[in-house]
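One structure below.
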2 protein chains.
Amino acid sequence: MSVQERKERERAERERLIVATARELAEQQGWDAVTTRQLAERIEYSQPVLYSHFRSKREIIGAVALKGAAEMAAALRAAASAADGPRTRVAALARAYLEFAARNPAVYDAMFQLDGGLAFANEDTPQPLKDAFAALLENLSEVAGDGVHPALFTEVFWAALHGLATLTRTGRLPPEDTEPRVELLVDRLAMI
Amino acid sequence: MSVQERKERERAERERLIVATARELAEQQGWDAVTTRQLAERIEYSQPVLYSHFRSKREIIGAVALKGAAEMAAALRAAASAADGPRTRVAALARAYLEFAARNPAVYDAMFQLDGGLAFANEDTPQPLKDAFAALLENLSEVAGDGVHPALFTEVFWAALHGLATLTRTGRLPPEDTEPRVELLVDRLAMI
DNA sequence: GATTCGATCCTAGCATCGCTAGACAATCGA
DNA sequence: TCGATTGTCTAGCGATGCTAGGATCGAATC
């Protein structure tokens, strides 16, 4: 069965190439430039090949989103674990979130702005997305405050970060004052 | 000059019709359904007529956004002025914002999610957008807290509301817990 | 009242989009 | 070696935003 295994490996490899190329192209020129024709040309295959891996362009966006969610979860945990003390940890978490969004705008869009056909906030939610939320939850529970459900607190904190990230990136908030905004947010939301 | 005046009136009326129809169609079937052909058919003119009023579809979205911003500003002021006491007023403001977003999702998207070609956060920003921000600022200044710039506080508060609005609307946050989220947000962010 | 002329509007079409059918070639099992 | 299966490509469909160029209509002039 070695032949079949090799084929499966090559197929999986090509799928990774598609996702990585879509992401690269999106980061370079925006998601509008990620057409099936452009993408096909970059991976040096014809258009229909894309559709033997993904049912639609939407699914490709979804695949980029999942990859990004895994990376974001790791980045959040790394930033949080490098800080000690609740206040410092939460601030580091917030900065890491905003930095990820700023450095990977196309990936962030795939995760939270575009329709990647992914399920959110229910049992069908893919693991990487749950895990990214968990990375926030783990580090925020200790500052939720008495009588406040950690998940609820995390949702609010996340929403605030998401608002800052998207409004800043689309030019609706001037980027200069990002740091004082984070300071204010953390000071007010986190208990101690 | 009566003839010319009449023509200008009719032209302005048709422009209002285009914007209102685009908005209506977007609310009914989503912005994806707002194609220039669909829109042209609904106003009972041919496609090119749209381009004698607007340079692009983007500008039509922008026009819907401006109309929406004016409405939102009015809705925010009405809600705030109907409440007395800082805490109640801020909570009413937050609920009014989220309710506007929930009841006018297409308009909200035009304002804050789609590209309507509008300038934000600088001197070229159209008046209705400035005014919507001002409506927030007016009612939040009193709870910004000592030593915190009211504009900065408003930005953070707005970002949090925007995050809640968009994440809820795209199914990324379950809609049931909206009220406790607002309570938590207001309790923590607003000083007194 | 007929005629000219400019403004207004529509038909038709372009390039591009996501996606798919059907032909062709390469590879496999017998 | 041959037939069948798998894989890939060419070509094309309907729909998109937008535009060129001709037709039509109404207002002003003689």
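We name chains A, B, ... by the order of the sequence lines, and we start the count at 1 in each one.
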Is there a side-chain contact between A:Thr166 and B:Thr166 (heavy atoms, below 4.5 Å)?
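Sidechains of B:Thr166 and A:Thr166: no contact.
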According to a strict under-4.0 Å criterion, is [X] in side-chain N/O contact with OP1 or OP2 of [N]?
| X | N | answer |
| --- | --- | --- |
| A:Arg14 | D:dT8 | yes |
| B:Ser46 | C:dC9 | no |
| A:Thr36 | C:dC19 | no |

Rounded distance in Å - [atom1] ([X]) to [atom2] ([N]):
| X | N | atom1 | atom2 | answer |
| --- | --- | --- | --- | --- |
| A:Glu44 | D:dG7 | CD | P | 20 Å |
| B:Leu25 | D:dT16 | CG | C1' | 15 Å |
| A:Asp32 | C:dG18 | CG | C1' | 14 Å |
| B:Tyr45 | D:dC18 | OH | C1' | 20 Å |
| B:Arg58 | D:dC18 | CZ | C1' | 14 Å |
| A:Arg37 | D:dC13 | CZ | P | 13 Å |
| B:Lys57 | D:dA15 | NZ | P | 15 Å |
| A:Gln29 | C:dT16 | CD | C1' | 15 Å |

(request) Could you please name the option among D:dC18, C:dT20, D:dG12 that lies closest to any side-chain atom of A:Tyr51? (result)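 Out of D:dC18, C:dT20, D:dG12, the nucleotide with an atom closest to A:Tyr51's side chain is C:dT20.
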- To the side chain of B:Val49, which of C:dG13, D:dT8, C:dC9 is closest?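 From the listed options, C:dC9 comes nearest.
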Under a 3.5 Å threshold, yes or no: a donor from one side chain and an acceptor from the other, between A:Tyr45 and A:His53?
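The criterion, which ignores hydrogens and geometry beyond distance, is not satisfied for A:His53 and A:Tyr45.
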- prompt: Taking atom types as modelled, is there a side-chain donor on B:Thr35 or B:Arg37 under 3.5 Å from an acceptor on the other?
  reply: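 Looking only at side-chain atoms, B:Arg37 and B:Thr35 do not form any donor-acceptor pair under 3.5 Å.
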Legend entry - From B:Phe120, B:Phe153, B:Phe112, residue fulfilling ring pair (Phe, Tyr, Trp, His ring centres under 6.0 Å) relative to B:Trp158: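 The passing option is B:Phe112.
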### Task
Would you indicate what B:Ser56 reaches in the nucleic acid, counting non-hydrogen atoms under 4.0 angstrom: base, sugar-phosphate, or nothing?
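Here B:Ser56 touches the backbone only, sparing every base.
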Can you find a donor-acceptor pair, distance only, under 3.5 Å between A:Gln47 side chain and D:dC9 base?
->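 Result: no qualifying N/O pair found.
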| field | Ring center gap for A:Tyr108 and A:His162 short of 6.0 angstrom | value |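 Centroid separation for A:Tyr108 and A:His162: below 6.0 Å.
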